[in-house]
Amino acid sequence: MSDLDLLDSAPVADESKILEGLNDSQKEAVSSPLCNALIIAGAGTGKTRVLVSRIVYLISHYQVKARNILAVTFTNKAAKEMRERIGMYLNANDTHHLWANTFHSTCLRLLRAYATQAGLTPGFLILDTDGQNSLVKRIMLDLKMDIKEIKPSEFASRISSLKEKGMRADDFQKRVNYIKYTNKKKSGTIEKLALVYSAYERICNQENSVDFAEILLRTVELLRSNSAIREIQNERFKEILVDEFQDTNSIQYELLTLLAGKNSHVMVVGDDDQSIYSWRGADYTNMKKFLNTFPDVHQYLLSLNYRSTQNILDMANTLIEKNFERVMLKNLKGNNGTGSLVSIFKCANNRVEELSVAKEIQSLKDQGVKLSDIAVLYRNNYLSFGFEQALTKAKIPYVIYGGQKFFERAEIQSALAYLKILVNKKDDTALLRIINLPARKIGPKVVESLRNISNEHSCSIIEAIEYLHEYVSSSDAAKELKTLYSKVSAFYNLYLELLSKKETMRLHEFVHHMLTLTGLYAFYSEKDAKEGKSEEDNSRYKNLGVLVSNVKEFEASVDQGEVSVDSENSAKVEDQLTLYLTNITLVSGGEINENGSAETMPFDCVNLMTIHASKGLEFKYVFICGFESEILPSSRKSSSGDNSLEEERRLAYVGITRAKEQLVISYANARTMFGKNEQKGASSFINDIVESYENSKNKPYKIVTKI
DNA sequence: GGTATAACGATTTTT
DNA sequence: TCGTTATACC
């Protein structure tokens, strides 16, 4: 046993303290024996607290070593929160050894450690959604497909969901052949998809890049096929905990079965009533599956709600009762008293709705309510516009969650593309983005010739240029190739210079240098000027500067050891730039402020967001707007799941259960949308609730008419 | 290689 | 309605 291991097993917090303040059912779950367990945790019932306490309990009571525990979440935000909360109980060493991460970073860590065995070249990069779309587009154009008929993004997302079902391109091709054989018609689209998928798979391999779904699928395949590696993980992960289990898809489920060994235990926490991502592949029936397939699953139910008043919970309970496909029926009980009645604003039209909500917020503000305690939620992003206007008019500050993300901006993506080709010269997707940006007279003709060479030699475009360079320096080179090289030589020299400079300076200095040398700074500041953008207001030039700051901040956090450079299994020390690029595609935390750090609002303001984005959050005052037919439930039929009505109901349920003290539900009888005037009226969900309380004297709501 | 014009299409979103 | 995007055309 090493010194580290001794430290590792030292008890950290005393047991009574961990269980202190928990209610009986929470205590039961936290102190569960070492076994497989399913915790069904209703909204606001302290699910994260139970998970955190359980981990601490495993270490202090069962003497499980921190390094033998794996906690998995869906979002980085949730992972970060969990690590922070656990960190308050554990010593630094335990916290360091514990794996508390998203599914994707967990898998990525394994893939980095076993890159070769997984069929990857170390240093592979992650292809984000934009990159994926542009690659699919490139493929479809090459295959002479009509990208108007089928949008590349449509195929891209279908490829992702195939991967999430564990289906590879050749599996899919076989299935398509079978369908073609049995059902002669209507196979056109899927035949095309099969072609695109197989080309996509091939190019990703060539370019040494993996998309999000690939990270999971490759890990599953690695563990499936390599029993030695699988056994190491089984040995290591004795206790596995999963948050938001209702959001797992089939590949994630399989991953869990592969990570858990015969002697491991899996504890999953979830709420089927809050499953709102099935359109993205999430399958809450995994909860039932878990119960039926894992051995001896203990079940725990948390239904005491610490968040909301009983009136709010009654609304939620009444609504969700209409769902038939629930895994576990639960009725949320609160301990915060009855509270005030839920208001249903019945508005003449959307303008009235917007003004009424703004007016109500104004009066809360006048009562001294903190604006950050207020949220305006809506089903669709485009509904935010009217509320923005009304709030602006009333001079009430607000933030919108989930606008355009910093790293998705064109200028940032271009800068990153330059960085990517320096780390991974096989990344043609990145190269094609910037080979002629800023313009350097490398048009489609030149690019085509380069791609012909790269196809011939089955190498990347940069490698093709390298090859050209060598060939041209030899005496009797063909004339066409000489002229071709002369057109790209300036770019090639730039590439070489960047490559060598990269090694001589600090990363953020290098990025700054790169932006100057490539001419991106000049290019974008000119563009800003042309469009009359003031230097300050979100100019692209400024954003490039923010990128440099962000890199600087990243460097500082690496120095402080905050970013885990995995020391176990893999002895390889990652290139810092690779690490940065991976980090921002996988862990980019949304908005970034002018200092390059994760954004927190410096002043008090109202929160505007979709109901989806509000999951996991809570606010004292919540307005759910546009609670109308065709909007909620949405009139659009989902492509895959046919239970869309139940999912929409769960979505409304999630919205309602965000509110702690006061809830306003509003709808408009008439709405101008996309220039057209439409009559909509109350959501069927409102009608259902009203009907349920028809003969009741104790209605949890009141209807307020606004004209 | 940049600009004008037409055409399109518009749930939800994390990794 | 409004923003993005592909295409045609200098």
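As the structure is a computational prediction, the values presented were derived from the model and not from experiment. To find a chain, count down the sequence lines: A is the first, B the second, and so on, and within it residues start at 1.
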For [X], report the nucleic acid contact type (base, sugar-phosphate, nothing); a contact means any heavy atom under 4.0 Å.
| X | result |
| --- | --- |
| A:K615 | nothing |
| A:E648 | base |
| A:F674 | base |
| A:T129 | base |
| A:K676 | nothing |

Side chain of [X], heavy atoms from C-beta onward: which of [options] has the nearest atom to it?
| X | options | answer |
| --- | --- | --- |
| A:T75 | B:dT11, B:dT14, B:dG1 | B:dT14 |
| A:A613 | B:dT13, B:dT15, B:dG1 | B:dT13 |
| A:T610 | B:dT14, B:dG2, B:dT13 | B:dT13 |

*May I ask whether A:W279 stacks on the base of B:dT12, given the cut-offs of 5.5 Å between ring centres and 30° between planes?*
yes
*Going from CG on A:N133 to OG1 on A:T429, what distance comes out if it is rounded to the nearest 0.5 angstrom?*
11.5 Å
Separation of atom [atom1] in [X] from atom [atom2] in [N], rounded to whole Å:
| X | N | atom1 | atom2 | result |
| --- | --- | --- | --- | --- |
| A:L645 | B:dT12 | CG | P | 19 Å |
| A:Y382 | B:dT12 | OH | P | 8 Å |
| A:L216 | B:dT14 | CG | C1' | 11 Å |
| A:Y277 | B:dT14 | OH | P | 6 Å |
| A:M673 | B:dA10 | CE | C1' | 9 Å |
| A:I276 | B:dT12 | CD1 | C1' | 8 Å |
| A:I147 | B:dA7 | CD1 | P | 17 Å |
| A:Y401 | B:dT12 | OH | P | 18 Å |

*Side chains of A:D243 and A:K47: does their closest heavy-atom pair fall under 4.5 Å?*
yes
[X] side chain near [N] phosphate (N/O to OP1/OP2, under 4.0 Å):
| X | N | value |
| --- | --- | --- |
| A:K527 | B:dG2 | no |
| A:T585 | B:dT15 | no |
| A:N381 | B:dT13 | yes |
| A:N436 | B:dG1 | yes |

*When you list every nucleotide of DNA chain C with an atom under 4.0 Å from a heavy atom of chain A, which one comes first 5' to 3', and which comes last?*
C:dT1 to C:dA6
*Start with the C-alpha gap between A:E648 and A:R379, add the side-chain angles, then the distance that decides, and say whether salt bridge (charged side-chain N to carboxylate O under 4.0 Å, His left out) holds.*
CA-CA 9 Å; A:E648 293 288 313; A:R379 175 64 175 79; 2.7 Å; yes
*Does atom OH of A:Y418 have more than 12 heavy-atom neighbours from other groups under 6.0 Å away?*
yes
*asked:* Main chain of A:T578, side chain of A:T582: is a donor-acceptor contact present, judged purely on distance under 3.5 Å?
replied: yes
*Heavy-atom donor-acceptor pair, A:T585 side chain to A:L127 backbone, under 3.5 Å*: no
*Please measure how far the C1' atom in B:dT14 lies from the corresponding atom in C:dG3, and state the result in whole Å.*
25 Å
*asked:* Taking the P atom in each of C:dC2 and B:dT13, what is the distance between them to the nearest angstrom?
replied: 23 Å
*Under the side-chain contact (heavy atoms from CB on, under 4.5 Å) test, which residues partner A:A43, sequence neighbours left out?*
A:Q274, A:R307, A:L332, A:T657, A:R658
